[in-house]
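Report on the structure given below.
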Amino acid sequence: MTAVEDRPTTEAPEREVGKARRRKEDARLITGRTTWTDNMVLPGMLHLAVVRSPVAHAKISSIDTSVAQEAPGVVAVLTGRDVADEQGSIPCAWPVTPDMVNPGHPSIAVDEVNHVGEAVAVIVARSKAAAQDAVELVDVDYDLLPAVLDMEEATGQDPDLCHDHLESNRSFHFVFDGGEAGTGADTDQVFADAEVVVSRRFVQQRLIPAFMEPRSVVVQPQGDNYTMWSSTQVPHILRIMLAMVTGVPEHKLRVVAPDVGGGFGGKLQVTPEEVISLLVARRLGKPVKWTETRSESLMTAHHGRDQIQYIDIASDREGNVKGLRCRILADMGAYLRLVSPGVPVLGAFMFNGIYKFDAYRFECDGVFTNKTPTDAYRGAGRPEATFAIERIMDELAVELGMDPLELRRKNWIKAEEFPFTTVAGMTYDSGDYETATQQALELLGYDELRAEQQRRRESNDPVQLGIGFSTFTEMCGLAPSRVLGSLSYGAGGWEHAAIRMLPTGKVEVVTGSTPHGQGHETAWSQLVADRLGVPFEDVEVLHGDTSVAPRGLDTYGSRSLVVGGAAVVNAAEKVVAKARRVAAHLLEASEDDLDYTGGKFSVRGTPGSEVSIQEIALATFAAHNFPEGVEPSIDADATFDPENFSFPHGTHVCAMEVDTETGMVKIRKYACVDDVGTIVNPLIVEGQVHGGLAQGIAQALFEEAVYDADGNLTTGTFVDYLVPSAADLPHFDTGNTVHEAPGNPIGAKGVGEAGCIASTPAVVNAALDAVRHLGVRDIRMPLTPERVWRALHDGGDGGDRATAGTNAYGGAQTETTAGVSTPQSALGGDR
Amino acid sequence: MTQINVRVDGVTYTDDVEPRTLLVHYLREQLGKVGTVIGCDTSNCGACTVHLDGSAVKSCTVLAVQADGGEVTTIEGLAPQGSLHPVQKAFHEMHGLQCGYCTPGMIMASVDLLKENPDPSDTEVREGIEGNLCRCTGYQNIVRAVQQAAGEMRGATNGHVSAADVDIAAAPHVVGQS
Ligand code: FES
Ligand code: FES
């Protein structure tokens with residue numbers, strides 16, 4: 001025993017931050033006592049079903065709703081024409097360039113449809129079944145227009161137009177040039193002087209967020225007030241935008257996100273169905289509900305990714321990278337949604353990854369096609385960037401005959417160089433790439449697997465082994481409002497919190513960061529328990545209702561803890577500061593003489609004189625004996641706006657088996673070490689990494705939203721859109737290093753997207769490492785057995801997936817779809 | 001309309017249903033058993049899993065009339081009010097859920113799996129719950145949960161645990177800060 005441990009009973013309680021607290025949220029979720037939006041039943045509630053376009057691009061020549069109107073139980077049928085004056089346009093909050101073209105986005109199509117699944121009418125009926133039955137009774141005549149589906153064609157010579165009233169299929173051309181911005185050298189010069197240039201064309205396939213809870217909306221009118229319950233990530237943003245779009249004044253609108261079953265960016269949206277539900281409730285004065293089917297969800301909820309990337313990297317012969325040039329085609333789909341254009345632009349500052357380039361140029365065209373709009377999906381811009389840089393680093397290593405890890409090590413930012421300002425103008429906060437890499441290699445058992453790879457190669461084993469890396473970073477904690485402003489985003493990036501000290505000593509924490517599975521209730525309780533010295537169990541976290549948590553910017557971009565948690569901590573500090581004045585009064589001491597530990601103020605050097613925060617809360621409630629001139633409240637709120645992004649990083653290593661006879665790929669082992677700064681709850685952090693890995697690996701191996709030549713989504717159910725099951729995924733070996741983020745009082749960097757951003761290129765690099773010696777240079781994602789086999793046997797990258805006429809092809813084969821997808825090389829070749 | 005008699009979570013119901021009504025719609029809309037949820041329309045996701053006469057079924061693939069005379073257990077009736085089934089407890093302890101939308105189906109499928117195979121390997125758990133999709137967890141902690149519950153159920157006399165017991169010390173797998 002040491003003297004320090006002999007201290008009397010004033011010992012502070014065990015620190016909550018860092019503890020693997022089991023989640024408070026679980027109790028209701030594991031017992032089925034949940035509040036999903038679709039659970040809600042209101043007296044007199046009517047049900048909506050949406051009539052959707054079966055064609056990708058057409059003028060609507062007529063709509064006959066008369067039969068549907070007469071169907072049993074049908075209360076109303078509304079077309080786009082009926083609501084044309086009141087529906088406004090689905091908002092796009094991110095005009096990334098001053099001349100960005102936004103064609104406008106009616107919630108219900110009026111004159112023309114621009115993608116399959118676009119709403120053309122809505123049925124309002126007494127029951128859901130009656131509404132759905134009547135959908136088929138609406139008769140719409142379409143004059144077909146050519147469907148624009150291929151971005152390269154859409155931006156080539158004399159393309160068909162996605163919107164025929166526009167001049168081109170381009171929405172915007174965004175450029176970031178390090179030379180012009182003063183953050184780097186002249187890119188063209190650096191490339192002209194380079195000893196080695198490697199160029200590749202990478203395809204980021206279209207993905208679907210595929211949250212498990214289908215979207216659902218309930219709207220209840222009460223006089224001129226409306227309450228909307230929605231399965232949304234962003235009740236606060238939704239409220240503001242609905243007010244702007246529909247003209248219902250903001251103060252007459254309350255939006256509630258009850259239990260929300262996942263989002264992954266897919267519920268970061270203001271959806272046509274939310275607008276329609278509000279319009280119908282307003283028109284009929286009755287509560288309404290809309291809940292989508294899974295097929296509707298896959299077809300019409302926004303999609304993600306979908307870029308074609310032309311990447312050039314310049315280096316010297318020794319492998320010192322010099323320049324990076326990225327030209328991106330980003331598919332917007334048919335319309336611009338909330339942050340569609342912002343997604344590729346967020347990536348613009350991340351393509352350089354963790355490496356020290358002299359020069360960098362990024363150009364991106366946002367392209368319209370007659371497909372479902374794209375928008376945020378876990379990582380939003382940063383997975384695309386990470387994929388490109390981590391793939392091209394491997395390609396450069398091959399070109400130079402270098403070990404891919406050696407090449408990375410030679411070029412990455414060293415631990416002692418932080419904070420480091422990159423060629424893209426970002427200041428990376430903290431980290432140590434070497435240590436994370438070493439730990440990841442140990443977790444993987446790297447040397448053994450390399451030896452096995454060698455053996456399999458030498459014996460010509462039909463099953464080859466490869467190892468792939470991704471040494472990544474990401475910008476998280478969206479975001480400094482000033483930076484968002486400079487990027488023309490329509491809002492700030494702050495977050496708000498309030499703490500209410502109840503008379504019985506319990507604590508209510510109000511957060512503007514609305515969760516949908518991340519565990520805010522638990523993590524925020526841990527933060528507050530530490531700062532206030534109250535028991536974890538005594539803290540209740542309130543969220544997701546604009547009348548309870550009036551200010552907030554919600555949950556996306558790994559921002560909740562970094563920005564929202566920081567606001568909670570700052571609010572708690574203010575509570576303590578206010579309580580200190582009361583304590584000084586009650587203890588008849590000077591504020592300066594008070595210590596605050598374990599939830600108690602005590603007078604330094606005067607044993608026994610102490611008052612707890614709970615006692616102060618009660619004294620404040622009574623307000624009988626309060627310091628002169630001080631308002632009787634110790635509640636506080638805080639709004640936190642970060643100065644900088646945070647930059648989690650990590651090293652992901654994948655060992656992959658490739659069966660060269662069947663094209664089957666199998667992850668043999670996956671190890672990663674992530675640095676997400678301070679870990680508030682290791683259980684939640686680990687869970688977030690696992691979930692991200694599953695989605696990132698799924699992009700590499702399983703998922704793709706496929707359209708046929710007519711613009712029909714052929715992966716419109718869970719039969720064809722392959723969300724992986726437990727049997728499809730490996731065990732993950734995960735670890736952490738901790739370098740605190742200097743930019744927030746918690747030191748956290750954000751963890752929600754890390755696994756998803758990092759894993760995809762590690763998996764693809766691993767597969768290529770297994771078969772490169774057999775002449776394979778690229779395989780297009782997802783690495784289906786068919787594609788891998790074709791890359792091995794026919795050359796090229798395996799070509800388009802699910803060619804019409806094969807078993808994997810999901811849609812009906814028509815004359816136009818037969819044979820449209822031919823295996824063709826997608827390799828850009830060295831230019 | 002067809003009349004059915006069905007026992008759900010220990011209560012007997014007699015109801016008229018349309019012949020096309022799916023069991024999951026009957027549970028949710030007529031009985032208010034909204035703990036059981038719908039995640040797809042192609043019988044792929046398993047979110048709707050309940051027990052019908054003791055075996056796990058996807059309640060979106062069963063007509064309500066097929067449950068006539070049967071006994072249904074949903075997530076809401078898996079354990080008596082105020083207590084938890086060992087599988088529920090293990091999902092909580094091992095962080096086998098995030099948004100929780102797949103969880104009722106996942107738990108009901110896991111209970112059924114453990115009845116068939118009380119000591120499943122990692123692979124057996126993964127294959128056993130293959131019909132249930134989770135978008136949040138990456139499944140690893142679900143596998144841990146099922147195996148932990150298996151251990152507890154093999155050891156115990158199959159008693160339910162008190163809901164108050166669920167918040168216990170850190171599990172050994174949790175990585176600390178380094
Ligand atoms: S809802 Fe039953 S399997 Fe998906
Ligand atoms: S916990 Fe969200 S889908 Fe499984």
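Chain B forms the most heavy-atom pairs under 4.5 Å with one residue out of A698(A), S127(A), G262(A), A210(A), and that residue is A210(A). When each of S725(A), G691(A), P214(A) is checked for heavy-atom pairs under 4.5 Å with chain B, S725(A) comes out on top.
Contact of Q688(A) with chain B is made through backbone and side chain together, with heavy-atom distances under 4.5 Å. Contacts of P724(A) with chain B are made by both backbone and side-chain atoms, with heavy-atom separations under 4.5 Å. Using a 4.5 Å cut-off between heavy atoms, D38(A) touches chain B through backbone and side chain atoms alike. Heavy-atom distances place the side chain of Q81(B), and not its backbone, under 4.5 Å from chain A. Contact of L729(A) with chain B is made through backbone and side chain together, with heavy-atom distances under 4.5 Å.
Nearest heavy atoms, I684(A) versus H95(B): CA-NE2, 3.8 Å. What you find for C99(B) and V260(A) is that their closest heavy atoms are CB-O, 3.8 Å. The shortest non-hydrogen separation linking H92(B) to I30(A) is CB-CD1, 4.0 Å. Listed here is the closest heavy atom pair of L133(B) and M212(A): O-CE, 3.6 Å. Among all heavy-atom pairs drawn from Q98(B) and R23(A), the shortest one is O-NH2, 2.6 Å. Among all heavy-atom pairs drawn from R144(B) and H690(A), the shortest one is NH1-CE1, 3.9 Å.
Contacts between residues 100-109 of chain B and chain A, defined by a heavy-atom separation under 4.5 Å, are made by G100(B), Y101(B), T103(B), P104(B), I107(B). Residue-level contacts of residues 20-54 of chain B with chain A, in order of numbering, are R20(B), R28(B), V34(B), G35(B), V37(B), I38(B), G39(B), C40(B), D41(B), T42(B), N44(B), C45(B); threshold 4.5 Å between heavy atoms. Residue-level contacts of residues 59-73 of chain B with chain A do not occur; threshold 4.5 Å between heavy atoms.
Partners of E296(A) according to the salt bridge (charged side-chain N to carboxylate O under 4.0 Å, His left out) rule, which considers only residues two or more places apart in sequence or in another chain, are R52(A).
For E93(B) (side chain) and R22(A) (main-chain N/O), no donor-acceptor pair under 3.5 Å exists by modelled atom type.
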